[in-house]
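Report on the following structure.
In the text below, chain A, chain B and the rest are named by the order of the sequence lines, each starting its count at 1.
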2 protein chains.
Amino acid sequence: MLTIGTLSKKTGTKVQTIRYYEQIGVMNEPGRSAGGQRRYFEKDLDRLAFIRHSRQLGFSLESIRELLDLSDNPSRSCADADVIARRQLTQVERRIKGLQALKKELKRMVTECEGNSVAECKIIEVLRDHSECLTEHQNIDVELA
Amino acid sequence: MLTIGTLSKKTGTKVQTIRYYEQIGVMNEPGRSAGGQRRYFEKDLDRLAFIRHSRQLGFSLESIRELLDLSDNPSRSCADADVIARRQLTQVERRIKGLQALKKELKRMVTECEGNSVAECKIIEVLRDHSECLTEHQNIDVELA
DNA sequence: TCTTGAACCTCTAGGTACTGTAGCTTGTAT
DNA sequence: ATACAAGCTACAGTACCTAGAGGTTCAAGA
């Protein structure tokens, strides 16, 4: 039996966040001790790890909900899974593309900055310059669903 | 003289978002027409472009405020800006790494999923696996200040 | 067994960065 | 002169947490 604190430490998730996940229904309601404290099983730890890792990769909680639904129903037809996976793949590819452009710029920023004052520093210019951006004003922020 | 709509179109920023930026003080209060509509100069467009681009690169508005302050005082040390950029770069690289692992699995899932159930898919495992993560449970979300 | 203190509980509010809606006014083109 | 797109304010709502108040439970040491 695991406490919420153990889950917190093992996944690097704040205790409040775990309770929040329960509240919005991405984490299952756990059992309680005699005194009313949450008691978890390993499977809950797994689920939380899954959620956190997905969040770190930029999935929205809505997308995570979808993926969890997939894993909660392993007998669901492969076609369903395929549709979801394809959609996620497209988004993931788009995100990688955006992040790589970003990385290039950041690298340029840190390598070009050799002056002592901002006057000689390219960082501000780079951030003002949109030439490295894609033509479209696409938001590279996460929105997968 | 530019209208808010022009700024919106030229930078791909929602009109409300521009007004929000003004409200929180990252955009300067512009002049107004006789009827009270906002009227901007080129310098405002530049500033907004800077803000949007920085946001797209994952900087928090707080960091952007910092950078704007930096560019408003060009005699300040470049090291400050460099630190911010370096921090971003590390996070971005980590994120790309995680996403590439995920992409690989999603691709595999899409192309190889010939079974009838999700039980044979590895995607859930991939998302549960933190091996690609650094040891620390650092939040990769943007928080530079 | 008693006590202490860390860890837990609920509830509420706040934070960031927007986004949307209602209801109205302004500007411009015909 | 009129239509209507685009502007205005004000406020509510969203996603995803995070912090604090004020109280309770649990486990370990005296």
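Whole-Å rounding puts the Gln23(A) CD to dT14(D) P distance at 14 Å. For Met27(A) and dC17(D), the CE to P distance is 13 Å, given to the nearest whole Å. Summarising the geometry, the separation between CD on Gln37(B) and C1' on dT9(D) is reported as 13 Å, rounded to the nearest angstrom. One interatomic measurement links the two molecules: CD1 of Ile24(A) to P of dT14(D), which rounds to 13 Å at whole-angstrom precision. Atom pair Glu22(A):CD and dC17(D):P shows a separation of 15 Å (rounding to whole Å applied). Going from atom CE of Met1(A) over to atom P of dC8(C) covers 15 Å, rounded to whole Å. One atom, CD of Glu29(A), and another, P of dT10(C), lie 10 Å apart when rounded to the nearest Å. The CD1-P distance, from Ile18(B) to dG20(C), rounds to 14 Å in whole Å.
Of the candidates dC18(C), dC9(C), dC17(D), the closest approach to any side-chain atom of Arg38(A) belongs to dC9(C). When distances are taken from the side chain of Thr3(A) to each of dT18(D), dC8(C), dC26(D), the shortest belongs to dC8(C). Which of dT19(C), dT18(D), dG7(D) sits closest to the side chain of Tyr20(A) comes down to dT18(D). Of the candidate nucleotides dG7(D), dG27(C), dC16(D), dC16(D) has the atom lying nearest to any side-chain atom of Ser60(A). Side-chain proximity of Lys14(B) to dG20(C), dC26(D), dT10(C): nearest is dG20(C). You'll find that the side chain of Arg39(A) is closest to dC26(D), out of dC8(C), dC26(D), dG27(C).
Each of Thr17(B) and Gly5(A) was matched to the nucleotide of DNA chain C holding its nearest heavy atom; the match closer to the 5' end belongs to Gly5(A). Place Gln16(A) and Gly36(B) on DNA chain D by their nearest nucleotides, and Gly36(B) ends up nearer the 5' end.
For the 3.5 Å distance criterion, the side chains of Arg52(A) and Tyr21(A) qualify, holding a donor opposite an acceptor.
A donor-acceptor distance shorter than 3.5 angstrom exists from the side chain of Ser54(B) to the backbone of Phe50(B), with no hydrogens or angles considered. Judged purely by atom type and a 3.5 angstrom limit, Arg47(A) uses its side chain to pair as donor or acceptor with the backbone of Val26(A). Side-chain atoms of Thr13(B) never come within 3.5 Å of backbone atoms of Ile18(B) as a donor-acceptor pair (strictly under, hydrogens ignored).
In this structure, Ile4(A) reaches the sugar-phosphate backbone alone: every heavy-atom distance under 4.0 Å involves primed, P, OP1 or OP2 atoms, never a base. Residue Arg19(B) is classed as a base contact, given a heavy-atom separation below 4.0 Å to a base.
Here Tyr21(B) reaches the OP1 or OP2 of dC18(C): one of its side-chain N or O atoms lies under 4.0 Å away. Put simply, Arg55(A) has a side-chain N or O that comes within less than 4.0 Å of OP1 or OP2 on dC17(D). For the OP1/OP2 pair of dG27(C) and a distance below 4.0 Å, the side-chain nitrogens and oxygens of Arg32(B) include no atom meeting the criterion.
Hydrophobic clustering (ILVMFWY, side-chain heavy atoms < 4.5 Å, transitive): Ile24(B) and Tyr40(B) are in one cluster.
Rounding to the nearest 0.5 Å places CG of Asp44(B) at 9.5 Å from CD1 of Ile51(B).
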